[in-house]
**Student:** 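For reference, the structure I am asking about is given below.
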Amino acid sequence: MTLATADTPAPRGLAATLAHARYVISDNPVTGIAFGMFLVLVVCALLGPFIVPYDPLASDTAAALQAPSAAHWFGTDNLGRDIFSRVIVATRLDMAIAVFSVALVFAAGGIAGIASGFFGGWTDRIIGRISDTIMAFPLFVLAMGIVAALGNTVTNIVIATAIINFPLYVRVARSEAAIRRQAGFVQAARLTGNSEWRILLTTILPNIMPIMMVQMSLTMGYAILNAAGLSFIGLGVRPPTPEWGIMVAEGAAYIVSGEWWIALFPGLALMFAVFCFNLLGDGLRDIVDPQRRT
Amino acid sequence: MHGIVDVTAQAAKTSEAPSGPLLEVRDLTVEFATRRGVVTAVSQVNLTLAKGETLGIVGESGSGKSVTSYTVMRILDRAGRIAEGSITFSGIDVAHAPESAMRDLRGREMSMIFQNPRAALNPIRTVGRQIGDVLLQHVQADARNVKEKVIDILKQVRIARPEERYHAYPFELSGGMCQRIVIALALACRPQLMIADEPTTGLDVTTQKAVMDLVTELTRERGMSTLLITHDLGLAAAYCDTVMVMEKGRVVETAPAERIFRDPQHPYTRKLMRATPRPGITLKDLLPEEPDVPPAPAENPLPLAGEGRVGAGASTMATVSGAGAVPLLKVENLLKEYPRQGAPSAFLSGLFGKKAPPEERIFRAVDGISFEVKKGESVGLVGESGCGKSTTSTIVMRLIDPTAGKITFDGEDISAIPAKDFAHHPLRGRIQMVFQDPTESLNPRYTAERAIADPLLRMGGMSGGAKLRARVAELAEMVGLPQNLLERFPHQLSGGQKARIGIARAIALDPDLVILDEPTAALDVSVQAVVLNLLEELKQRLGMSYLFVSHDLHVVGLLCDRVIVMRQGRIVEEGSSQQVLDAPKDAYTRELIAAIPHPPV
């Protein structure tokens, strides 16, 4: 139903995107909040080491286990390190693990899924069985196994996180590509002499990018949680590197004795990040949903 | 809940008296909240529908005809609201009635038939149970006699073997049959008002006739009132008492059906009527008489710009003069078989020791047809859905492989080249296609310019730069697409503009043969008129041949020199357009022509 607005010239490019984003945010302020939270995370990740009041690694046993105060906002841990500084500095590592693993799984799972949906047949069967095999394991246990087998490094956490998210990307990309496989514009691209691979990369991929963006935002949250979880049980990042998962693990022992702040604040930071990406995913879904593009 | 039922029942009873109209809409204005502000979809609409009357609302897309009917049912989506006006349905104020009262009205007092019958039915419930659900919900039957009543209803909508069809799922039935089920659902509770929203769009003409005859007969029998929403003025005039023409949310004319055809008052009605294809006219007759609309490109022939193009144009022009001599495309004994759907696979039937007879396992979509298209000729391929015309065109297009047969294009046997390799074949650029749905055939993420440039980049040996831009601009000019629209995306363009992009893309490589797959089926009649004229004009200038695939004999007759009528994979009649339309030899062709709605002129 093209209403009377069809006559008014539509704004283009960046201006149109911004106008649409404004419309979505005004319709749902939560999306605006999510973008704000995301901005905070980005600033912490980029500028973290330069804005924190203390060296996150410097221990000061005289000031150990202090409760939150004006000098130490989040208190200090058992070695007297400032928890606030450690939480902020840890943002970069946790975000980096999430971003790289999501980028990796998007490249591998996204392309595999599109190929699977677009070509069908044997391609589909092989890729489908691979992702079924991954799905057959409890995912966190699989990630543990991969890190334990490949070695205890940050790179391997990234790879493990990417592998356990692979089936999710394959499925989303596969169904979206399969819908478009026989679309008129794909047929038209064939008629104009595009090869199948070129159609896949230049026609199908851009068209399913919006939905993939939503998927990426949602899995960012899982990726952070997964990385923190692996560190919590002692895999991956090693102390004294500031990382939310390790910090929660280190602080857990002190909760019983009343020093709750050591585990609480990194835990809250973790929650903040995961919450932010989930809200962002919902907001992005609204932005890309054609139903709302009246 | 009971109180409300009583109120509506009472209201229904009071309207039995022949006093007031069944439905009265006064000064209705409906607004939609969009991200670019509030849009008025319908403004100041008045309509009156008496008991037993049939009112047709006619208009092109965006005219507000569907919004009007949705508002009457109060099923507008979230963004829409009644800004002004009143709707009175047998004494009830629909605009302000509580939702619970509306729910009770819908289905029992007023019901609706939708455009796509298959989408309106629940795919995982048998049709019998779906009808039963409605009866049970509105206490028209109880668990014991529901099946009996449903079969009775199925009989009324002329479904053959109703006991068997009771257990059928929607996907097992044809489109026409599904629409009968939807009609059965709509009529199950004997409502007083039925709203039919484009009930036959997407159905074949013969099915359309059967469905419309059924609707008219059933509603007349029961003294029901009908609102028929359609874009087809001919259909409305043939089946309605009164016709209301809408344009851009306003009613421009309301008159009895015969009068609107004999003596249309409003210029828009006249324009619509002119644009409706009918026998005994030429393409030019479709266009509005006064050039107050933007001049169609047919009226301003441009000189061909660009050196290469002049040469190509001249050489093809030469062949046009010698048309009739050389066949450009020759199809011989073309055969395409598919495994029959639902038939057990060879493995399974082998396993259970049952062997299906071989002829039942195979479905012949195209059953050994032969025809020719000469240089500069346009040939129409006509038939109803499932007759094999689209399969034929897709094979000729070399997107799928035939089972058997030979296709010769300009002396070269192209059926020997597998479909998947044809994309790189030099002949690819010489056979092009215009698709049925202009929206669906454009990549939503390409601008108009990029879409037109695509074939030039892939096969035209161009790689961007000023030369490419000049060629795209020239093509846009040829199809009458304003230059300032070139950087827009498909969703920012109208249907007609998108159709022009599709045509520009198809002619970009100077093809010899263009296959037109119902290129105007998704367009409004006035846009269709302009596009058909554009196609004719381009053919004259570029000397292309057309293979026009369509179900509409009138449209085909206007554009084509020769017509081939297909049925069940075979050619039943072939001849010049005039001969086939005026003096059809085959009974099936006669049936097709008779089924096109004839307005009372």
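Just so you know, these numbers use all the heavy atoms, side chains as well, and skip hydrogens, waters and symmetry mates. Because the structure is a prediction, the values reported are computed rather than measured. Each chain gets a letter, A, B and so on, in the order the sequences are listed, and its residues count up from 1.
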**Student:** For a quick test of reading the model, state the closest non-hydrogen atom pair linking Asn443(B) to Thr202(A) and the distance between them.
**Tutor:** ND2-O, 4.2 Å
**Student:** Enter the distance from Asn194(A):CG to Arg428(B):CZ here, rounded to the nearest 0.5 Å.
**Tutor:** 11.0 Å
**Student:** Name the region of Leu399(B), side chain, backbone, both or neither, that has any atom closer than 4.5 Å to a heavy atom of chain A.
**Tutor:** side chain
**Student:** For Val525(B), check side chain to side chain contact (heavy atoms under 4.5 Å, CB included) against everything at least two apart and list the hits.
**Tutor:** Glu60(B), Leu272(B), Ala275(B)
**Student:** Please flag which part of Arg505(B) lies under 4.5 Å from any non-hydrogen atom of chain A: side chain, backbone, both or neither.
**Tutor:** side chain
**Student:** Does CZ belonging to Phe140(A) count more than 12 external heavy atoms closer than 6.0 Å?
**Tutor:** yes
**Student:** Taking all non-hydrogen atoms of both residues, which atom of Met459(B) and which atom of Gly193(A) are closest, and how far apart?
**Tutor:** SD-CA, 3.7 Å
**Student:** Decide yes or no on side-chain contact (heavy atoms from CB on, under 4.5 Å) for Gln187(A) and Ser441(B), but give the supporting numbers first.
**Tutor:** CA-CA 8 Å; Gln187(A) 294 282 33; Ser441(B) 66; over 6 Å; no
**Student:** Could you name the residues of residues 96-112 of chain A that have a heavy atom within less than 4.5 Å of a heavy atom in chain B?
**Tutor:** none
**Student:** Where is the tightest heavy-atom contact between Leu191(A) and Gln432(B), given as atom of each residue plus distance?
**Tutor:** O-NE2, 3.0 Å
**Student:** Locate the shortest heavy-atom distance separating Arg190(A) from Ala423(B); write the atom from each residue and the value.
**Tutor:** O-CB, 4.1 Å
**Student:** Sequence neighbours left out, what passes side chain to side chain contact (heavy atoms under 4.5 Å, CB included) with Gln483(B)? Give chain and number order.
**Tutor:** Ala473(B), Ala476(B), Glu477(B), Leu486(B)
**Student:** Crowded around Phe409(B) CZ? As in, over 12 foreign heavy atoms under 6.0 Å?
**Tutor:** yes
**Student:** Nearest heavy-atom pair of Tyr446(B) and Thr203(A): which atoms, and what distance?
**Tutor:** OH-OG1, 4.3 Å
**Student:** So for Arg180(A), is it side chain, backbone, both, or neither that comes closer than 4.5 Å to the heavy atoms of chain B?
**Tutor:** neither
**Student:** Stepwise, does the side-chain contact (heavy atoms from CB on, under 4.5 Å) test hold for Arg458(B) with Arg198(A)?
**Tutor:** CA-CA 10 Å; Arg458(B) 294 284 85 75; Arg198(A) 182 184 277 280; 3.2 Å; yes
**Student:** Heavy atom to heavy atom, less than 4.5 Å: which residues from residues 449-457 of chain B reach chain A?
**Tutor:** Asp454(B), Pro455(B)
**Student:** For Ser195(A) versus His424(B), what's the shortest heavy-atom pair and its separation?
**Tutor:** CB-CE1, 3.6 Å
**Student:** Please check if atom CE in Met271(A) has more than 12 non-hydrogen atoms from other residues, nucleotides or ligands closer than 6.0 Å.
**Tutor:** no
